[in-house]
Amino acid sequence: MLKNNRIIRRLFGEQYDIQHRLLNLILIVGIFGVSVATILSVVMQQNLWAQLLSLVCLILFCLIFWIANSLEKTQLAIIIFSIIFDNLILPALYVTSGGIESGMPLWCLMGYVFPFLLIKGKNCITIFATSIIEFILVVIYTYYHPEIIMKMASMKMVLSDMVVAMIAVVVVFAFIFRYQTYIYEKQQKSIVRSIREANEAIAQRQDFISNISHDIRTPMDSIIGFTELAKKNMDNPEKLADSLEKISRASGHLMNLINEVLDISKIDSGKAAIEEEMCSIHQIIDNACQILQHEIDHKKLKLEFDYSMLDEDVLSCDRLRLNQILINLISNAVKYSYEGGVINIAVIQLSSEDESKIINEFHVKDQGCGMSQEFMEHVFEPFARDKSSAVSAEGTGLGLTIAKSLAEIMGGSIEVSSELGKGSEFTVTVPLSIPSLTEVEEEQDILIYDFKGRHILLVEDNELNREILVEALREEGFVVDEAIDGSFAIEKLRDSEPGTYDLVILDLQMPVMDGYETTKIIRSFREPKVAQIPIVALTADALPEEKTEAFNVGVNAYLVKPVDMPSLLKVFMLFFRENKR
């Protein structure tokens, strides 16, 4: 009850450090004790000075409480409190309230302990030493000059004052030590919990490293093995083609593993960005299934599609993220399906309160081993695997975590229903935008655009990457010149006629002169045809800050490696359509 009390949370909540909470405790008990002492001093008709000092002490307690909690200057409040209370009020009260023959020695004991409990750093020693020396001097002085002590009128008053002081001081210390014990025990529990969670995280990470090491080595072994096989069968076109196909599949699997690890890192750091473009729901699902076709064929699985509730096929969404979600869910269904089983994929579209959006439900249902009810509570946690599963499957244990995180980033959700031995069904619900007619027309334009004769300068330091991209561009009709770093690119632009190049493709990470510096120099050319040339950045860095920096120096478009040719051609089309010859 007290733990949930608003006042208790306000005064002793974990938003404050231990010194602040102890100060509040001391002040509250002190205000209560001094209030009782002030009332008693009036009732018992103590001298006027004692009554006034008790009242001043009460006002000081209230003032310090206000400074600490309203102004939130805890240490300043504690230091002011300790100096005034220990060095001024306590000695004055000692003299005016009966000296050694009163309850004041007990009040002094409490006051001089405060600095050690509340003040951080070496200031506590200075204030304590000053206060205790001053108190000793006062006691010595009053011993030789007893006439300055304002003694109480009767022994009854002395006894009453001592009883009140003892009760107040004992209560204060009891509360302090009890509260410190409570805080200590709470911190111990928190430490134990943190250690347990850290150990669990370490165990999960170790499992992850073990799994990912195994999963990466599997496609790498295939790539290396089939590369050697391809070298030995250069004169056998059939075996060569088969080896290359298997190398391609293993490379795709390896890239998916790397992407999953990078994706979970970006999601954890809050750097996963959503970029909408127009796409076909049919095409995204088909693409996801094609990527997994080898595994589907290997297990002789049958895919059944239900598009009866799909009214709008072309929508605006983050194609890459939606594709990732569906690949992860379908891949999960494939992994945990029995050989010869059926996987059902359905899309249901629902109306939305926002007329520009449609609610899309993607259902992926398998007839595999299913999950236990205990594991379903952890199915979306990183590195989670159902050890009781009858089917052993490779993977990082990150696929469903990524799918859930991406669905939430897209403004949707993901749910699962499963029964052990009967299969599982995952349902992803995401709102997608309805594209305008202009967007539809722009998407269709790329299919008929002719790039023949367009002159491009490709700046890439990696020879293999450069060779692959040059061949792909020349097949599309481009005329391509090459440069191995930014300095050579600047020379080619400077030595050629203005307008020779229609566009520059620029790697950002290069030796000698990187893409950022190269872009700055290009933008500083006096000749407008060179300074304003479109620059498409290619980089292996997919971090938002890298993208921001690239656009800040003057890059026009930013694409992440490995290069996706349709995306690259779409970027070219947009630039060339605006700058027709």
Side-chain angles (χ1 to χ4, degrees), residues 211-262 286-301 323 327 331 334-335 339 394-396 450-485 488-489 492 505-507 509-511 536 538-540 542 559-570 572:
N211 292 332
I212 197 66
S213 174
H214 172 270
D215 292 348
I216 287 177
R217 285 177 185 276
T218 300
M220 279 303 301
D221 287 343
S222 297
I223 292 169
I224 294 169
F226 285 113
T227 300
E228 292 301 318
L229 199 59
K231 289 178 181 178
K232 294 177 182 178
N233 291 280
M234 297 295 290
D235 354 346
N236 189 331
E238 187 176 337
K239 286 189 175 181
L240 179 61
D242 181 64
S243 296
L244 292 175
E245 174 63 23
K246 288 173 180 175
I247 289 171
S248 177
R249 288 177 179 173
S251 300
H253 178 56
L254 181 60
M255 180 57 67
N256 285 337
L257 289 173
I258 294 171
N259 285 338
E260 280 194 352
V261 176
L262 294 177
D286 288 346
N287 179 66
C289 294
Q290 286 172 14
I291 290 173
L292 299 167
Q293 193 63 50
H294 177 67
E295 290 84 352
I296 293 169
D297 293 341
H298 180 71
K299 296 187 77 170
K300 300 176 182 178
L301 299 173
N323 190 57
I327 287 176
S331 172
V334 171
K335 285 178 185 177
E339 187 171 333
E394 295 181 357
T396 59
D450 184 11
F451 297 105
K452 188 175 181 180
R454 290 287 186 176
H455 204 161
I456 285 180
L457 176 59
L458 172 61
V459 190
E460 167 67 73
D461 64 303
N462 186 287
E463 185 177 354
L464 288 177
N465 290 347
R466 194 170 63 249
E467 181 181 348
I468 292 168
L469 196 51
V470 166
E471 288 301 317
L473 290 170
R474 284 175 178 166
E475 285 182 6
E476 296 293 336
F478 291 101
V479 177
V480 185
D481 284 352
E482 304 173 45
I484 60 173
D485 64 54
F488 285 95
K492 285 182 177 290
I505 302 176
L506 185 64
D507 184 19
Q509 303 297 333
M510 296 182 293
V536 177
L538 294 182
T539 180
L559 296 175
V560 179
K561 297 178 181 179
V563 180
D564 177 48
M565 282 305 295
S567 297
L568 188 60
L569 294 177
K570 183 177 180 180
F572 291 163

Supply the atom-to-atom distance [X] [atom1] to [Y] [atom2], rounded to the nearest 0.5 angstrom.
X	Y	atom1	atom2	result
Ile327	Cys289	CD1	SG	9.5 Å
Asn233	Lys231	CG	NZ	13.0 Å
Leu568	Leu469	CG	CG	6.5 Å
Ile247	Ile224	CD1	CD1	10.5 Å
Gln293	His298	CD	NE2	13.5 Å
Lys232	Leu240	NZ	CG	14.0 Å

Can you name the closest pair of heavy atoms from [X] and [Y] and give their distance?
X	Y	result
Phe451	Glu476	CB-O, 3.7 Å
Ile223	Ser251	CD1-OG, 3.7 Å
Glu339	Lys300	OE2-CD, 3.7 Å
Gln509	Asp461	O-OD1, 3.5 Å
Asp507	Leu538	OD1-O, 3.0 Å
Val459	Ala489	CG2-CB, 3.5 Å

Under 3.5 Å: donor-acceptor pair, side chain of [X], backbone of [Y]:
X	Y	value
Glu460	Asn462	yes
Asp242	Glu238	no
Arg454	Val479	no

Within a reach of under 6.0 Å around [atom1] of [X], are more than 12 heavy atoms found that belong to other residues, nucleotides or ligands?
X	atom1	answer
Glu245	CD	yes
Phe478	CZ	yes
Lys492	NZ	yes

Which is it for Leu473 and Ile505 under the side chain to side chain contact (heavy atoms under 4.5 Å, CB included) test, yes or no, and what are the steps along the way?
-> CA-CA 11 Å; Leu473 290 170; Ile505 302 176; 3.7 Å; yes

Validation row: Leu244, Phe226 side chains within 4.5 angstrom (heavy atoms) |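 Counting from C-beta outward, Leu244 and Phe226 never come under 4.5 Å.
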
Tell me, do Ile456 and Asp481 make a side-chain contact under 4.5 Å, heavy atoms counted?
->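 Of all side-chain heavy-atom pairs linking Asp481 with Ile456, none is under 4.5 Å.
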
Could you walk me through whether Leu301 and Val334 pass side chain to side chain contact (heavy atoms under 4.5 Å, CB included), step by step?
-> CA-CA 8 Å; Leu301 299 173; Val334 171; 3.8 Å; yes

Kindly indicate, with the supporting measurements, whether the criterion salt bridge (charged side-chain N to carboxylate O under 4.0 Å, His left out) is fulfilled by Arg466 and Glu463.
-> CA-CA 5 Å; Arg466 194 170 63 249; Glu463 185 177 354; 5.3 Å; no

